[in-house]
Every structure is written in C-alpha cells, then in structure tokens.
Amino acid sequence: MNLSSHPAAPSLQLARGEEIFAETEKKLHRRIDKLLVALLFAQWFLAVIWAATLSPLSWNGLNSSLHIHVKAAIVVGGLITFFPFILLRKASGSALCRHSVAIAQMLMSALLIHISGGRIETHFHIFGSLAFLKFYRDWKVLLTATAIVIIDHIGRGMFYPESIYGLASVSPWRWVEHAAWLVFEDVFLIYACITGRNEMRDICHHQGEIELTNQKIEVEVRNRTEELASAYHTLELERSKGLEASRLAALGEMAGGIAHEINNPLAIISTRSIHIQRAAQMQPPRIDLCIEYANVIQTTTSRIAAIVSGLRSFSRNAEYDPMEACSIQSIVKDTLQLCGERFRNDSIEIKLKGMDEIIEIQARSVQISQVLLNLLNNSYDAISEKRDRWICIEITRRANRMELRFTDSGEGINEALREKIMHPFFTTKAIGKGTGLGLSISKSIVEQHGGTISINSQCPNTQFVIELPCLAHSLDKAS
Amino acid sequence: MSALTTTCLIFLWIASLTGGFYTLLRYDSTSGAQAAAHAIIPPQFSAIDVPNARQTHQFIIFFHPKCSCSMASARELERIVKGISDEVRVTAVFYRPKGVEEDWENTNLRDFVQAIPKVRIVDDPEGTMTEAFGVETSGQVLLYDPQGRLLFEGGITPSRGHEGDSVGKEIILTGLKTQLFEKHSSLVFGCHILDKNVRVNPQEGASL
C-alpha cells in the first residue's frame with residue numbers, strides 16, 4: 001500500500017504523532033513522579049536531621065524532652081510523603097499522582113519553614129519546589145501548588161494571623177502580596193511548561209511522520225523484493241529454457257552426423273548379411289565365414305546401440321541430475337562418439353592428448369558433454385570451409401585442477417569479440433544457424449561445476465581453456 | 001486502585017496532615033507562662049553596679065541557654081537593638097543551674113547573643129535573678145523606664161521559635177520612639193527557665 005498517496009495519510013500521521021506524544025508524556029510524568037517522590041523522601045530525611053540539629057530538646061529548667069519539631073519532622077514528614085508514594089506505586093503517571101506530589105511538596109515547604117523557625121531563607125524552598133514541579137510540563141500542577149500556599153495564607157490570615165504575619169491585625173488582603181510573588185514565578189514557569197510541552201508534541205509528530213515514512217519505505221521495499229524475486233524466478237525459467245534450447249540446437253546441428261554415424265554401420269550390417277547369405281549358399285556352406293560376418297554385425301550393432309544410448313542420454317534434461325564422479329576422458333570419448341562421424345566426413349582431424357591418464361571430476365557428465373558439443377559445433381562451423389582443418393583436445397592435470405585445452409585450426413578470436421562472445425544471444429554465425437546461447441550456457445555450466453572457461457589470447461589458433469576441480473581420490477591415484 | 005480506596009486514602013491523608021499541622025501550630029502558638037513582674041525593678045538589683053542606671057531605660061531579656069526556641073528571640077533582639085537608641089541599656093540574663101558542668105551554658109544561643117553589639121551578658125546562677133523578677137519563660141523581655149518603672153513585659157517573637165514581626169517587638173520599638181506605651185504586654189514563647197519544683201532565694205543573686 002502506498003501510504004503517501006493514501007487519502008487518509010495526513011490524518012494517519014497526526015493520529016500516530018498524538019499517540020507517540022501521549023506515550024512520551026506518560027513516560028515523562030512517570031519519570032518525574034519517581035524523581036519527586038524520591039525527593040520527598042530525601043526532604044523528609046533532611047527535615048528530621050535538621051530538626052534534631054536545630055531544636056533537639058525542649059527544656060524545663062534542668063529537665064529536657066524531645067522537641068516537638070523532631071517529632072513533627074518524623075510524623076508529619078512521613079505523612080506528607082506517604083500518599084504520593086502509594087500513588088507512585090499504584091497510579092504512577094496519573095494526574096492524581098502529579099497533583100498529590102505538588103501538594104506534598106508545598107506541605108514539605110511548610111514543615112521545613114516551621115522547623116527552621118520561620119526563617120526567610122527557608123521560604124525560598126517554595127520557589128524551588130515550583131521549579132521542580134515544572135519538570136512535569138503540566139501547568140495545572142503549578143496552579144495546585146500555588147493554590148495550597150494561597151489557601152494556607154488566607155486561612156491562617158483569617159484565623160491566626162500572628163502565625164504567618166506576626167501581627168494580630170493585618171489587612172485581609174495581606175496574602176495577595178505573598179501570592180503575587182508566587183504568581184510572578186508561575187507566569188514564567190507556566191510559559192516554560194506550555195512551550196516545553198508544545199516542543200515535545202512537535203518532536204513526537206516528527207517521529208510519527210518518520211515512522212510512517214519508514215513503513216511506506218518498508219512496504220515499497222517488500223513490493224520491490226517480491227517483484228525482483230518474481231523476475232529472478234522468470235529469469236531462471238528462461239535460463240533453463242535457454243539451456244534446453246541450446247542443448248537441442250546442438251543436437252540438431254549434430255543430427256546430420258548422427259545419421260551418418262548410424263547409416264554407415266547399417267550399410268555394414270546390410271553388406272555383411274548378404275555375405276552371410278552367400279557364404280551359406282556355397283557348397284559346402286562356409287560356416288566359418290558366416291560366423292565371422294555375424295561377429296562383425298554384432299559389433300556394428302553394439303556400436304549403433306552405443307550411439308543411440310548416447311543420443312538418448314544427451315537429449316535428456318540433466319539440469320537436476322546429481323553430481324557424480326566421472327572421468328573427463330570418458331566424457332570426451334562419449335561426446336566424440338556422437339559427432340565423430342560428422343567430422344570424419346568433412347576430413348576434420350580430431351587430435352586427442354592426455355587421454356591415457358584417467359582424471360576424475362565431480363560433474364553432471366551430460367552437461368560437460370553439452371559444453372564439449374557446443375565447442376565442437378562452433379569449431380565445425382568455423383573451420384569446415386578451411387583448408388587446414390583440425391581440432392585438438394588436450395587434457396592435463398594442474399595441481400588439484402583439470403585443464404582441458406580445446407583448440408581448432410581457426411585464426412583465433414579478435415579482442416573486440418572476446419569480450420562479447422560469452423554474452424547470451426551473441427553470435428557470429430549466419431542468421432538461423434546459431435542461437436547465440438551456446439557459449440554463455442557453457443560458461444554457466446562450467447561455473448556451476450566450480451570451474452572456469454576462457455579464451456587463450458596467446459594461442460595463434462582459437463583455443464578455449466576449461467578448468468575444473470579434480471576429485472581428491474583422483475589426485476591420490478595420480479600421486 | 002479503586003475510586004473508593006483512592007477517595008478514602010485522600011480523606012485519610014488530608015485528615016492526618018490537618019491533625020499534624022494543627023498540633024504543630026498549636027504548640028508553636030502556645031505561649032509560656034507570663035512573668036509576674038514587679039512594677040519596679042526589684043530593689044536588690046536596682047542601681048547596683050550601675051551608676052547611671054536611673055538615667056536610662058533598662059531592657060532585660062531572660063534566656064534558658066539551651067532553649068532552641070529562644071534563638072528566634074535572640075535574632076529578634078538583634079533587630080530591636082539595631083532600632084533603638086544607645087540610651088537603652090540592654091541586658092541578657094542567662095540562667096545557670098547549680099551543680100552543672102562549667103561550660104553548661106556555653107551554647108550557640110549564648111554565643112549569638114554575646115556577639116550582638118550593646119548587649120551585656122549577665123549570668124544568673126541558680127536563677128535567682130529570674131526568680132526575683134518573676135520570670136518563667138525563656139525569651140521574656142522586661143522594659144523599665146529610667147525611674148525603674150515597668151513599661152513592658154512579654155515576648156518578641158510571633159510564636160514559639162518563630163522569627164518575624166510580632167506584637168511585642170512592635171510595642172517596644174514604637175514605645176521607645178514615641179515614649180508612649182499603649183500596650184504593656186505581649187505573649188512570650190519559649191522553654192521554662194526554672195524547674196517549677198525548685199525555688200531559689202531571690203535575696204541572693206547577681207546584680208544588674
């Protein structure tokens with residue numbers, strides 16, 4: 001799905017942004033809840049220490065008892081901290097928790113002011129507390145805290161003004177002066193809360209936007225990957241078809257030769273059967289000749305059977321055959337058996353070197369045979385019109401690899417063609433004569449076997465070099 | 001947490017805190033015993049050792065050296081001294097019980113008061129002077145005119161152990177400036193200087 005083109009994309013982004021903002025704000029509130037409740041515990045502890053240091057005892061002559069400030073620090077300080085702590089455990093992140101922390105913080109200020117004996121300096125605790133509460137980025141919390149202080153001033157101003165202003169008769173509006181200082185600080189803190197919260201919201205909306213863009217990219221990537229996989233599958237299918245087509249084309253090219261290959265033995269069989277008839281009609285009948293001719297027929301029949309078997313084997317799609325140990329020399333021989341007659345008919349000499357040592361490779365013999373057949377067909381097309389016509393197949397061992405040099409009497413391949421000759425559908429043959437797939441498929445087959453196929457530009461003739469890994473036991477035999 | 005539990009907890013929290021602060025406030029606002037001061041300076045303490053005692057106002061404040069609440073009185077004393085003329089003779093009387101170690105009365109409170117300019121420290125062994133002046137509460141101030149007549153008796157803090165503007169301070173500063181004392185007393189906040197069960201002979205003691 002293309003999200004950016006989706007008509008609901010902007011509202012989706014907005015909704016996701018708000019969702020992230022709500023999560024982030026909740027996390028912030030929980031973190032500050034934890035921080036400020038820890039601060040309340042610390043203040044409680046300090047209040048007890050402070051009270052015990054400033055006013056440890058009340059005196060009556062020589063008699064003393066624990067001062068009420070110490071008791072108040074322990075009991076009232078504990079009570080102040082208790083409720084926010086419970087809410088932190090049960091409802092952290094809730095508005096109730098935030099506001100209870102704000103109330104507790106202000107009450108802690110009141111306790112500390114009491115313990116310090118109403119020192120002016122301790123009153124700064126209230127302003128510091130408001131600054132701490134600003135961490136919530138919730139301006140309503142500041143109003144709650146301020147309201148607590150104002151209510152305290154109004155209440156005590158009405159019922160016991162000495163305790164807060166030191167004088168029995170004060171103006172009923174005296175609290176306004178005290179509240180004004182708090183409001184003065186609140187204005188800045190509330191402004192900071194609102195801007196801070198808006199910035200947080202903006203960041204969350206950006207994050208939402210990024211998330212949705214990422215999702216869009218992921219969908220795009222998934223679609224493209226699926227398309228690529230499909231294209232790769234199609235390509236594989238086409239390659240397989242190409243392989244098959246190339247193999248059949250090679251076979252087609254060899255068809256004439258194969259016909260010869262079978263016709264000649266058939267002629268021999270026909271001739272020998274006439275000879276047998278004649279030998280049988282001789283007086284007395286020449287049984288020995290009959291047996292001799294029958295043996296020739298049998299041998300020739302076996303040759304035909306071998307050709308047919310090779311043809312059948314070659315025509316089969318061997319792409320999914322398992323790799324098996326086989327001798328490279330026997331693959332060469334089997335291949336030549338299929339097409340040898342064609343070359344002999346055109347007086348193309350086939351020279352074989354290194355056929356005595358058996359070198360084994362792990363291969364699909366039909367596929368290697370296909371490579372050789374491609375090379376043989378190419379050579380045939382290239383040299384059949386020349387005066388000097390020969391093909392040389394030389395097999396040698398190079399350390400743990402087998403090297404097969406396939407050379408014909410051609411003048412070699414020029415540099416411009418050498419680069420293109422292995423490309424699919426590239427051919428120098430006349431239209432309709434070649435598929436242009438032979439060498440590219442041969443390269444693919446050799447590479448599937450862990451080998452390489454290359455053109456030796458140093459050779460004055462046309463020379464292909466095929467390298468394939470040898471089997472280990474083949475190496476042992478050699479050593 | 002259910003709404004009911006939360007409501008109950010809120011109620012419990014508010015109620016317990018109200019109780020706690022009320023107790024604290026009540027303690028702080030509970031004044032000590034008012035002095036049964038004589039209308040004139042007790043004769044055994046008048047003019048002794050003070051040649052011109054009759055020509056100056058006498059500002060006498062009584063302290064229990066270990067009363068931590070009285071630190072607020074000491075701070076207010078410092079402010080009052082800054083606001084009154086040099087004609088007023090300021091004396092701080094520090095109680096010293098019998099049989100206590102030598103540095104018993106050497107406390108932060110005494111050090112603080114000693115550092116206030118124009119304030120004379122007088123030790124009061126066994127509280128004879130405190131007893132003679134009828135004083136019971138630490139932080140009690142007695143102000144006499146040059147003729148030895150009592151002008152004011154009371155405390156100079158708004159509540160127990162609390163600094164700040166107070167009725168007593170206001171009466172003293174205004175009275176000394178205008179020579180008119182509309183009120184003659186205020187509440188005094190602090191520890192008991194003398195153990196009520198122990199009484200000393202007021203005829204013996206230090207001089208002003």
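A, B, ... follow the sequence lines: proteins, then strands. Residue 1 opens every chain. What's counted below: heavy atoms across the whole structure, side chains too, no hydrogens, waters or symmetry copies.
Annotation: side chain of B:Leu25 is in contact with side chain of A:Arg156 (closest heavy-atom distance under 4.5 Å). Taking the side chain as every heavy atom from C-beta outward, A:Ser64 and B:Lys66 never approach each other to under 4.5 Å. Using a 4.5 Å heavy-atom cutoff, the side chains of A:Leu79 and B:Phe21 are not in contact. Between A:Ser58 and B:Arg160 the shortest side-chain heavy-atom distance falls below 4.5 Å. Within the 4.5 Å cutoff, the side chain of B:Met71 has no heavy atoms near those of the A:Ser55 side chain.
A:Arg89 CZ: 12 or fewer foreign heavy atoms inside a 6.0 Å radius. Atom CG of B:Asp111 sits in a crowded spot, with more than 12 heavy atoms from other residues, nucleotides or ligands closer than 6.0 Å. Around NZ of A:Lys34, the count of heavy atoms belonging to other residues, nucleotides or ligands within 6.0 Å does not exceed 12. Counting non-hydrogen atoms of other residues, nucleotides and ligands closer than 6.0 Å to CD of A:Glu121 gives a total above 12. Atom CZ of A:Phe132 is surrounded by 12 or fewer heavy atoms from other residues, nucleotides or ligands within 6.0 Å. Taking a 6.0 Å sphere around CZ of A:Phe127, one finds it holds more than 12 heavy atoms contributed by other residues, nucleotides or ligands.
Comparing B:Ser138, B:Ser159, B:Pro97 by heavy-atom pairs within less than 4.5 Å of chain A, the highest count is held by B:Pro97. Ranked by heavy-atom pairs under 4.5 Å with chain B, the first of A:Leu54, A:Leu96, A:Val75, A:Leu107 is A:Leu107.
Using cut-offs of 30° and 60° for the angle between ring planes, the A:His69 and B:Tyr27 rings count as perpendicular.
In plain terms, the two heavy atoms of A:Leu62 and B:Trp104 that are nearest each other are CD2-CZ2, 3.9 Å. Taking every heavy atom of both residues into account, B:His64 and A:Gly61 meet most closely at NE2-O, 2.6 Å. The two residues A:Ala72 and B:Leu24 make their nearest non-hydrogen contact at CB-CD1, 3.5 Å. Here the shortest heavy-atom pairing between A:His114 and B:Asp28 reads ND1-OD2, 2.7 Å. Among all heavy-atom pairs drawn from A:Asn60 and B:His192, the shortest one is OD1-CB, 3.1 Å. Annotation for B:Ser68 and A:His67: closest pair OG-CD2, 3.7 Å, computed over non-hydrogen atoms.
Interface residue A:Ala104: backbone and side-chain heavy atoms are both found under 4.5 Å from chain B. Heavy atoms of B:Ile10 lying under 4.5 Å from chain A belong to its backbone as well as its side chain. Looking at B:Ile193, only its backbone comes within 4.5 Å of chain A, counting heavy atoms on both sides. Using a 4.5 Å cut-off between heavy atoms, A:Ile86 touches chain B through its side chain atoms alone.
With rounding to the nearest 0.5 angstrom, the OG atom of B:Ser16 is 10.0 Å from the CZ atom of A:Phe83. Between atom CH2 of residue B:Trp13 and atom CD1 of residue A:Ile103 there is a gap of 5.0 Å, rounded to the nearest 0.5 Å.
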